[in-house]
Amino acid sequence: MTEDTQGDAPQLYLIAPALIPAAELGPMLADVLDAHPVACLRLPGGIGDELELGRLADMVRDLAHARDVAVVIEDHLPLVQRHGLDGVHLTTGARGVRYARKELGADTIVGAFCNGSRHEGMSAGEAGADYVSFGPCGPTALGRGEPVELELFQWWSEMIEVPVVAEGALDAALVRQLWGVADFIAIGPEIWSAPDPAAALAALWPA
């Protein structure tokens, strides 16, 4: 997972849906991955028990790697190594970045969700994160519910070298506003309830 070097266009970071049986998830993910150039796929960590999550990780890894897409999983460091994933996405900000880097090594992706905290993002970058993620970008009742100021992405893109991911409660208008100031835009919950997730993503992502 590397920063886009071809102009200002962000890369697509896909968040897999939670609470969907593997038999249904596989075809859904394959359709979206075949229709859109995805740079990284994130697997939610809080779904099912260890065995179920391991089976899901194997299935998602095979789908993604066949299409040259990197796979990260939320928080579960042992599953990264055990199931041949590309890295971990830490949902607790800078906390744990140094430990994850030590445990997983220099070649593994370590990302950190930092909500809307500039300080937390800088701390994560200094601790060795490969990317930081800020969100939610739009209004939502989930989490703290307060949208991140879009100026944060503008400032980050001008001042900080660590790639930045924008995520959470996105719509087509917000995606357009983030174009050019975010290195990656994460789409997931916005599309999975649609009858055709690949088409829903096409409606969000500028042609």
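- A182 approaches A166 most closely through the heavy-atom pair CB-CB, 4.1 Å.
- One finds the CG atom of L170 at 12.0 Å from the CZ atom of R176 (value rounded to the nearest 0.5 Å).
- Looking at every heavy atom in both residues, E158 comes nearest to Q154 through OE2-NE2, 2.5 Å.
- Crowding of E149 atom CD: a count of heavy atoms from other residues, nucleotides or ligands under 6.0 Å not exceeding 12.
- Without hydrogens or angle criteria, D75 side chain to V88 main chain gives no donor-acceptor distance under 3.5 Å.
- Closest approach of A200 and A194 over heavy atoms only: CB-CB, 3.7 Å.
- In this structure, a donor-acceptor pair under 3.5 Å is present between the side chains of S133 and E167.
- With R67 contributing its side chain and V38 its backbone, the two residues share no donor-acceptor pair below 3.5 Å.
- Contact of the F184 side chain with the C40 side chain is not registered, since no non-hydrogen atoms from C-beta on lie closer than 4.5 Å.
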request  = Apply salt bridge (charged side-chain N to carboxylate O under 4.0 Å, His left out) to the pair R98 and E103, showing each step before the final yes or no.
outcome  = CA-CA 9 Å; R98 290 189 193 281; E103 289 296 301; over 6 Å; no
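- Scanning both residues, V32 and P197, for their nearest heavy atoms gives CG2-CB, 3.9 Å.
- Checked by atom type and distance alone, the side chain of D86 never pairs as donor or acceptor with a backbone atom of V72 at under 3.5 Å.
- Every residue was checked against the ring pair (Phe, Tyr, Trp, His ring centres under 6.0 Å) condition with W192, not counting sequence neighbours, and none meets it.
- A heavy-atom distance below 4.5 Å is found between the side chains of L43 and L56.
- Within the 4.5 Å cutoff, side-chain heavy atoms of L41 are placed close to those of V60.
- Interatomic distance, CD of E74 versus OG1 of T92, reported as 11.0 Å (0.5 Å rounding).
- Not a single donor-acceptor pair under 3.5 Å links the side chain of S117 to the backbone N or O of C114.
- Rounded to the nearest 0.5 Å, atoms CG (L14) and CD1 (I191) are 5.5 Å apart.
- Two residues are said to be in side-chain contact when any heavy atoms from C-beta on lie closer than 4.5 Å; I185 and W205 meet this criterion.
- For E190, there are no salt bridge (charged side-chain N to carboxylate O under 4.0 Å, His left out) partners at least two apart in sequence or on another chain.
- Going from atom CZ of R101 over to atom CD1 of I109 covers 9.5 Å, rounded to the nearest 0.5 Å.
- The minimum heavy-atom distance between A124 and V97, with the atom names listed, is O-CG1, 3.9 Å.
- Using a cutoff of 4.0 Å between basic side-chain nitrogens and carboxylate oxygens, R55 and D49 are not scored as salt-bridged.
- Outside the 6.0 Å centre-distance limit, the rings of F113 and F134 are not counted as a close aromatic pair.
- Hydrophobic clustering (ILVMFWY, side-chain heavy atoms < 4.5 Å, transitive): L51 and V80 are in distinct clusters.
- For R42 (side chain) and I73 (main-chain N/O), no donor-acceptor pair under 3.5 Å exists by modelled atom type.
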Criterion salt bridge (charged side-chain N to carboxylate O under 4.0 Å, His left out) on R61 and D58, from CA distance to verdict = CA-CA 5 Å; R61 179 205 62 221; D58 288 338; 2.8 Å; yes
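- Of all the heavy atoms in G116 and V148, the pair that sits closest is CA-CG2, 3.8 Å.
- Judged by distance alone, with hydrogens and angles left aside, the side-chain atoms of W156 form a donor-acceptor pair with the main-chain N or O of V162 at under 3.5 Å.
- In this structure, R118 satisfies the cation-pi test against W155, with its NZ or CZ atom closer than 6.0 Å to the six-membered ring centre and inside 45 degrees of the ring normal.
- M122 contributes atom CE, which lies 9.5 Å from atom CE of M159 (distance to the nearest 0.5 angstrom).
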task = For Q11 and D183, run side chain to side chain contact (heavy atoms under 4.5 Å, CB included): C-alpha distance rounded to whole Å, both residues' side-chain angles, the deciding distance at 0.1 Å, then the answer.
result = CA-CA 6 Å; Q11 296 184 74; D183 299 297; over 6 Å; no
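- Counting only heavy atoms from C-beta outward, the side chains of S157 and V164 never approach each other to under 4.5 Å.
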message = Please determine whether side chain to side chain contact (heavy atoms under 4.5 Å, CB included) holds for the pair F153 and C137, giving the CA-CA distance in whole Å, both sets of side-chain angles, and the decisive distance to 0.1 Å.
response = CA-CA 10 Å; F153 295 97; C137 297; 3.9 Å; yes
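- For the pair L90 and L77, the minimum side-chain heavy-atom distance is below 4.5 Å.
- Not a single donor-acceptor pair under 3.5 Å links the side chain of D130 to the backbone N or O of G111.
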